[in-house]
Amino acid sequence: MRRLSVLCAVAGLGFTALAAASPAQAAFHVIRWHDTGFCQVWDNSFSPTPWPAGYATVTHRIHTFGHALAVKDVLLHRGTCKF
């Protein structure tokens, strides 16, 4: 029985390492909340949809978080988003 537990633990660690080593497919978007005008960066590949549903997607798919923050900064300067 002990060997089976050790085998399961090793298999779990192996699968975790394999999942961590695979490349992530990030899909960042900048969303704007309807009631406040506040914009935020949202990762659609990892998180569930935002709650409550009073938002609109302002940008297309952005691959890096840093680039999404830069796009959000441009939207703030243009007046599309509020602080």
Side-chain angles (χ1 to χ4, degrees):
M1 187 65 154
R2 184 175 169 101
R3 289 182 188 172
L4 183 60
S5 297
V6 171
L7 178 64
C8 288
V10 169
L13 289 173
F15 287 128
T16 302
L18 182 64
S22 65
Q25 298 294 326
F28 296 102
H29 292 86
V30 177
I31 62 172
R32 182 178 184 270
W33 296 98
H34 293 301
D35 54 350
T36 62
F38 176 75
C39 289
Q40 76 181 82
V41 176
W42 193 263
D43 183 4
N44 286 339
S45 66
F46 182 69
S47 305
T49 58
W51 186 86
Y55 71 94
T57 303
V58 182
T59 63
H60 59 289
R61 181 179 175 160
I62 303 170
H63 295 288
T64 63
F65 183 73
H67 189 233
L69 283 176
V71 170
K72 179 185 169 189
D73 189 45
V74 169
L75 292 172
L76 284 169
H77 284 43
R78 286 185 184 169
T80 304
C81 299
K82 296 180 182 176
F83 287 103

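Start at 1 with the first residue, then count along the sequence. Quick caveat: nothing in here was measured; it's all calculated off a predicted structure.
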Keeping the roles fixed (side chain from Thr59, backbone from Val30), state whether a donor-acceptor pair exists under 3.5 Å.
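Yes, the answer is positive, given that a donor and an acceptor are paired below the 3.5 Å cut-off.
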
Would you say the side-chain atoms of Thr36 pair up with the backbone N or O of Phe38, donor to acceptor, closer than 3.5 Å?
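Such a contact is found between Thr36 side chain and Phe38 backbone.
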
Minimum heavy-atom distance between Trp42 and Thr49, given as atom pair plus value:
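Heavy atoms only, the tightest pair is CZ2-C, 4.1 Å.
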
Provide the closest heavy-atom pair for Ser45 versus Ala27 in the form atom of the first, atom of the second, distance.
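Shortest heavy-atom contact: OG-N, 3.6 Å.
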
Check for me whether the distance between the ring centres of Trp33 and Tyr55 falls short of 6.0 Å.
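They qualify: ring centres under 6.0 Å apart.
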
Side-chain atoms of residues 68-81: list all donor-acceptor pairs with protein atoms under 3.5 Å, sequence neighbours left out, distances to 0.1 Å.
residue: Lys72; atom: NZ; partner: Cys39; partner atom: O; Å: 3.3
residue: His77; atom: ND1; partner: Asp73; partner atom: O; Å: 3.1

Please report the interatomic distance OG1(Thr57) to CZ(Arg32), rounded to the nearest 0.5 Å.
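Output value for this atom pair is 12.5 Å.
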
Residues in ring-ring contact (aromatic ring centres under 6.0 Å, His included) contact with Phe65, at least two apart in sequence or another chain:
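Once residues adjacent in sequence are excluded, the partners of Phe65 under the ring-ring contact (aromatic ring centres under 6.0 Å, His included) criterion are Phe28.
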
Answer yes or no: are there more than 12 heavy-atom neighbours, outside His34 itself, under 6.0 Å from its atom NE2?
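Enclosed.
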
